[in-house]
Amino acid sequence: MANPVIDSITLDKASYPVGAKITATVAFHDPDAKSWTITGTATDPEGNKVNATATFAVNDAVTVALADDGNRVWTLQSLPGVSPAVFTSIA
Amino acid sequence: MTTLTATATDAEGHISSATATFPTPAAGVSGTLFGVDLNPLDLTVYPKCAYCRLYNPPGTGAKKIATPKSVALPHVSQKDTPTVANLAPMLDPLDRPILWEFHHEPEGDMAAADYVAQTKAGHQLIRSHPNGHFVRFAQTFTRYAQVHHNKVMSDGVKADWQNLWVADTQVFGLDCEFDSAPSGYPDPQMFFSVAVAASKTLGVPFVIPELGWHLLAGDDGTGLAAWYTACANYLRSVGCLAVAAYESLGTTGDYRLAGTPSRTAWQSAVAAQ
């Protein structure tokens, strides 16, 4: 199994005044994730067929955390395990 | 620069990390105002003022903040037990981030259980208000009490901040002023060590809402001014969120820096942000 991959960390501004809200977005993915498409086929006695497909994915649950060397608290604002992870803190 | 580190961990314990940086916001402020709002004069003396400490005395609840939006980060405290009614003047028109706390410098003033309960109650009331998302919770203690451990709350609990901290508070505050027997200007690393250590322990940023020291005998003012500069530089280097200078003249009710060398030094520190 491979390590998860962090694709990018993006900040909503280049700089912040004291007390301003900071939003950081972390894009990530699981290289082990795989998806399959399954096809269901229904056939009637006359040989008529109808197909339907569905896709499902299998991937590890990935947890993303954010920290900085200024001891800020970073709060996850988006759904856990879903990329991108959106965090907020105060400058 | 501040370095952000993102860590991704999968279910098997595989870990990856990546970093990004952004300019560290500089801490700096005006001389502290002993009143309920920023005086326009402070903006004349300190045009780049980034933080202002607003005190609501007993009986006044939390007043509407008149400090213009985007001028400075207000840090509001109130001595009254928080209620929907006495928070409303501040919360209803609120349109920018602020810091708020119940009863700054609580050491020895009441029962620890009451202080904690009222702080929690204030947090709940604010969180349930539509503008509550603007508010970051702070708790401010006094360096003197935290270093000398000489205060006890009225219910017998020692007034150490660890006994008074509320879990969802987001900013640690420490008022740092002259000791009882000052023999010199203290080394900033030592002087702020309680705040820096608490910040790291708690994982929250810290502020120094009041910073001050007496002019020592034999100093023409340049020594005290150099100390203020050293404090500002040190606090910036350790990621302090904000600091307000506070000249402890004691009885005048006006705690702005008055000595020319000190005020000039602090103006330079504020102008540098």
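Everything quoted here is computed from the prediction, not taken from an experiment. Naming convention: chains lettered A, B, ... in sequence-line order (proteins, then strands); numbering from 1 in each chain.
Contact annotation for A:Leu66: both backbone and side-chain heavy atoms come within less than 4.5 Å of a heavy atom of chain B. Residue A:Ala85: no heavy atom, backbone or side chain, is found under 4.5 Å from chain B. Neither the backbone nor the side chain of A:Asp30 comes within contact range of chain B, judged by heavy atoms closer than 4.5 Å. Only the side chain of B:Glu12 has a heavy atom closer than 4.5 Å to any heavy atom of chain A. With a 4.5 Å cut-off on non-hydrogen atoms, B:Leu4 touches chain A through its backbone and its side chain both.
Interface remark: of the candidates B:Arg96, B:Gln170, B:His14, B:His75, B:His14 forms the most heavy-atom pairs closer than 4.5 Å to chain A. In terms of heavy-atom pairs under 4.5 Å with chain A, the best-connected choice from B:Leu73, B:Asp10, B:Thr21 is B:Asp10. Ranked by heavy-atom pairs shorter than 4.5 Å toward chain B, the options A:Val5, A:Val64, A:Val26 are led by A:Val64.
Between B:Thr19 atom OG1 and A:Ile6 atom CD1 the span is 9.5 Å, to the nearest 0.5 Å. Here B:Thr7 contributes atom OG1 and A:Phe28 contributes atom CZ; the two are 12.5 Å apart, rounded to the nearest 0.5 Å. Note that the CG atom of A:Asp12 and the CZ atom of B:Phe22 stand 10.0 Å from one another [nearest 0.5 Å].
No more than 12 heavy atoms of other residues, nucleotides or ligands sit less than 6.0 Å from atom CD of B:Gln189.
Here the side chain of B:Ser16 pairs a donor or acceptor atom with the backbone of A:Pro4 at under 3.5 angstrom.
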